[in-house]
Amino acid sequence: MIKSATQTHCPYCALQCGMQLIKREGLLDLEVAPRNFPTNKGGLCQKGWSATELLTHPERLTTPLMRDTKDAPLRPVSWDEALTRITQEIQQLQQAHGKDAIGVFGGGGLTNEKVYLLGKFARVALGTRQIDYNGRFCMSSAAAAGNRAFGIDRGMPFPLEDIPKADTLFLIGANPAETMPPLMQYFDAQRQRGGALIVADPRRTPTAQSATLHLQLTPGTDTALLLGLLHLILAEGWADLDYIATRTTGVAEVQRTVAAYWPERVERITGVPTCRLQEAARLLGVASTAMTLMARGAEQQSKGVDNALASINLMLALGQVGKLGGGWGTITGQGNGQGGREHGQKTDQLPGYQPLTNPQARERIAALWGVTPESLPQPGLSAYELLDALGTETGPKALLVFGSNLVISAPRAAHIEAKLKSLDLLVVADFFLSETAQIADIVLPVAQWAEETGTMTNLEGRVLLRQRAQLPPEGVKTDAEVLIALAERLGHAERFPTSEPEAVFTELGQATSGAPADYSGITYEKIRAQDGVFWPCPSDDPKHPGTPRLFTGNFAHADGRARFHAIAHSASAEEPDDAFPLYLTTGRVMQQYQSGTQTRRVASLNTTAGEGFVELHPTLARQFGIVNGQSIKVITRRGEATVPARVTATIRPDTIFLPFHYAGRQRANLLTNPALDPTSKMPEFKVCAARIEPALIKN
Ligand SMILES: Nc1nc2c(c(=O)[nH]1)N[C@H]1C(S)=C(S)[C@@H](COP(=O)(O)OP(=O)(O)OC[C@H]3O[C@@H](n4cnc5c(=O)[nH]c(N)nc54)[C@H](O)[C@@H]3O)O[C@H]1N2
Ligand SMILES: Nc1nc2c(c(=O)[nH]1)N[C@H]1C(S)=C(S)[C@@H](COP(=O)(O)OP(=O)(O)OC[C@H]3O[C@@H](n4cnc5c(=O)[nH]c(N)nc54)[C@H](O)[C@@H]3O)O[C@H]1N2
Ligand code: SF4
Ligand SMILES: [Mo]
């Protein structure tokens, strides 16, 4: 007998598939059932289907853990003991070194309510400028480009239902067949309508295999490819001159720069044959509707912002942005990757996408929070810079981590692991003993997605409601309860009156009223009634339905026009040479999620994808006498990893690929280069130089 059926969403990626959680009489485990939600339409991937296994997992943390000295093991303690020690250490460190001695690291998997509370906690209860989050490693390049070109960043400025309306669809550095399987139904519908799909990826991924045209470019050469396409489109007269004249500025400079990217030159840089480049330009140029979707392949580079801007230039030149079935978007990654970058856990930002440096925004938010504008800190360091500064003379001496497993996911991970270990105090809130929690001084056990309510903003900018299906296990608190308890102990009880999600959401709405990401007209009731509400949704009209499509009339810049950006191709921060002759790139497999804390604990996922690997081309394998399955050492200037070889003709012969989900010696981030994009501060996860050799011992 069914006791309850809760309408909610998956705990993992930004598609935030709708699902139901069924509780049956006499059974402990919740059961996942389909839900006819407008985005996934009942579909879920393997990760979504198996998500409830983690609620009752035997390794679930149900009591705070603490170590008394750096060498002592973690031991169970009461909440009171854990919170008292955290409070005392924070106060001592701030007394000795100033407010910025405490750092906070958030995550794009946290609900909007938690993101909002975390940002407020850092600025008000801690008074520190040192807060940033893992979305910096995920969405920051596309976000910066959207802001510069359109005046606002909403990953997809249109709903998913527009995808099938594109005559030509261009996917750049995205592998949704593995990273968002239910999304593929939109691509299938687009193909069935007779549309063309172009995929730019150094690997012939399952996504590329379904494409009309695959551009198998050299890692790190996206800008050159995109400039080459624009060169051809302008030369062939396929640009929309009316649109350019009435809706954009800055094209002249772009015309000058792309002149230097003739097809043969672009072929030399990218390895993409001229005939394929010409075919791609034609498919885009003659289409009446063309849409570009980009993801981490082109964004996680030291020139990720340039790559995104170059692809926006292309869609602007074709007059596609703001057209139904056309446009430019990025495929946001983490569950709340979109909302996570809007509500104040970014170091330079107040809720609603308001700059922390803007005097009017500071004044408004300070008034709402009951503090003076002067007391709000200024921006601090970006994620990698913050981690790199830990334990230094001027850097934070303590770090509170909510929703990230940095020992696995940060670039140059061995260095970051050493930095984390050098801290006076490392606090990690998690539901499992992640690799980062394992080295913490204090670990706080928190509730999982099915045990708390809160909103998430999906990849389309649609604000959704996750609803609690059952209470957390005894001994476990929600992240919000932890933040409120700490704020109280730090003497700020009156400014943090509640951890109750709906009340926090109302405050978040007030904080964002009139801001770019305006949530003030959104309520839990409206989300339930409408299957989600697209921001902006201002409160001046209580019936405001939200805004599924942006840019149909105007862009968000003051003059209403989009900006072209003149860009030249530049090399990646580290190119192959004699000592490190191969390109190394990294990414994902279908069965594992991110740092793997969750999915490596799900038996059905881990039996098929429980181990890391390095993909390499048969030609390369022959050259080194390597056979499939053999243990391989992959070496870069940062370190070495040991993984089994996966020999496959789907990868370029000059490139190797490692998934980043695995721990220990299989960690891809032992190898990666933390070179940062100058604007977005995104690390170059997708390109560095490597060499390989057979490993003597097994990994
Ligand atoms: N199964 C699964 N799904 C996930 C996640 C997960 O961990 N596992 N994570 C979620 C999150 S947070 C994110 S951000 C998204 C990421 O989703 P995607 O961006 O689709 O995933 P990635 O595998 O990181 O990268 C995509 C592709 O970029 C290619 N690539 C590598 N280098 C280059 C390059 O120089 N240029 C170009 N054009 N392409 C390149 C890779 O070969 C890869 O196929 O997935 C989300 N969904
Ligand atoms: N080499 C390489 N490295 C990469 C990437 C790549 O493509 N290549 N991709 C980057 C990208 S796009 C991303 S998004 C990052 C992601 O990497 P991480 O930031 O490590 O992300 P997760 O693995 O999702 O980490 C979330 C951790 O928080 C816990 N957690 C989940 N939800 C909550 C919650 O609500 N509250 C609390 N307190 N804890 C929670 C999980 O159990 C897990 O331990 O990795 C980046 N690193
Ligand atoms: S695609 Fe993403 S949101 Fe949907 S079930 Fe899979 S992991 Fe969950
Ligand atoms: Mo991500």
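Model, not experiment: these values are computed from the prediction. All ligand and atom numbering here is 1-based and tracks the order in the structure.
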Within-cut-off N or O pair, [X] and ligand 1, under 3.5 Å:
X	value
Gly220	yes
Lys686	yes
Thr221	no
Asn175	yes
Met590	yes
Arg203	yes

- Item | Phe105 and Phe402 aromatic centres sub-6.0 Å |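 Not close enough - the centres of the two rings lie 6.0 Å or further apart.
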Metal environment of atom 8 (Fe) of ligand 3, protein N/O/S under 2.8 Å |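 Less than 2.8 Å away from atom 8 (Fe) of ligand 3 sit Cys10 SG.
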For [atom], which of [options] has the closest heavy atom?
atom	options	answer
atom 4 (C) of ligand 1	Thr179, Thr655, Leu217	Thr179
atom 2 (C) of ligand 1	Gln591, Gln592, Met180	Gln592
atom 34 (C) of ligand 1	Cys138, Gly297, Gly596, Ala609	Gly297
atom 19 (O) of ligand 1	Gln216, Gln300, Arg296	Arg296

Ligand 1 contact by [X], heavy-atom criterion under 4.0 angstrom:
X	value
Glu299	no
Val589	yes
Gln301	yes

Under 4.0 Å, heavy atoms only, figure out whether ligand 1 is touched by the backbone of Gln334, its side chain, both or neither.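 For Gln334, the contact with ligand 1 is made by both the backbone and the side chain.
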With backbone taken as N, CA, C and O and side chain as the heavy atoms from C-beta onward, which portion of Thr205 lies under 4.0 Å from ligand 1: side chain, backbone, both, or neither?
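It is the side chain that touches ligand 1; the backbone stays farther off.
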Would you tell me whether Asn405 and Glu435 have side-chain atoms, one donor and one acceptor, within less than 3.5 Å of each other?
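Distance-only check passes for Asn405 and Glu435.
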Quiz item: Have Ser572 and Lys303 got a donor and an acceptor in their side chains that come within less than 3.5 Å?
Solution: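 Per modelled atom types, Ser572 and Lys303 side chains form a pair under 3.5 Å.
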Taking the six-membered ring of Phe657 as reference, does the cationic atom of Arg203 (NZ for Lys, CZ for Arg) lie under 6.0 Å from its centre and within 45° of its axis?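 Ring-cation test returns yes.
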Think Arg136 forms a cation-pi with Tyr133, using NZ or CZ under 6.0 Å from the six-ring centre and within 45 degrees of its axis?
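Output no; distance or angle outside limits.
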Got more than 12 heavy atoms from elsewhere within 6.0 Å of CZ, Arg276?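 No, not enclosed.
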Out of all atoms in ligand 1, which are within 4.0 Å of some heavy atom of [X]? Include the element for each.
X	result
Ala295	19 (O)
Pro219	35 (O)
Glu178	1 (N)
Asp201	27 (C), 28 (O), 29 (C), 41 (C), 42 (O), 43 (C), 44 (O)
Gly173	19 (O), 26 (C), 27 (C), 28 (O), 37 (C), 38 (N), 39 (N)
Gly587	23 (O), 24 (O)

Is the backbone of [Y] close enough, under 3.5 Å, to the side chain of [X] for a donor and an acceptor to pair up by distance?
X	Y	answer
His9	Arg466	no
Lys114	Asp479	no
Glu452	Arg468	no
Gln16	Cys10	yes
Gln20	Pro34	yes
Ser302	Leu676	no
Thr207	Ala177	yes
Arg341	Gly135	no

Among protein heavy atoms, which lies nearest [atom], and at what distance?
atom	answer
atom 38 (N) of ligand 1	Asp222 OD2, 2.7 Å
atom 32 (N) of ligand 1	Thr585 OG1, 3.0 Å
atom 40 (C) of ligand 1	Pro202 CD, 3.2 Å
atom 23 (O) of ligand 1	Arg588 N, 3.1 Å
atom 46 (C) of ligand 1	Gly333 O, 3.8 Å
atom 12 (S) of ligand 1	Gln594 NE2, 3.0 Å

### Task
Please test Tyr261 against His569 for ring pair (Phe, Tyr, Trp, His ring centres under 6.0 Å), starting from the C-alpha separation and ending with a verdict.
CA-CA 9 Å; Tyr261 292 85; His569 174 71; 7.2 Å; no
Carefully, step by step, assess Gln598 and Phe431 under the rule side chain to side chain contact (heavy atoms under 4.5 Å, CB included). CA-CA 9 Å; Gln598 292 155 280; Phe431 7 91; 3.7 Å; yes
Please test Arg652 against Asp654 for salt bridge (Lys or Arg N to Asp or Glu O under 4.0 Å), starting from the C-alpha separation and ending with a verdict. CA-CA 5 Å; Arg652 289 175 57 94; Asp654 59 1; 2.8 Å; yes
For the residue pair Tyr593 and Tyr12, does the interplanar ring angle fall in the parallel (under 30°), tilted (30 to 60°) or perpendicular (over 60°) class?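 Ring orientation, 0 to 90° scale: tilted.
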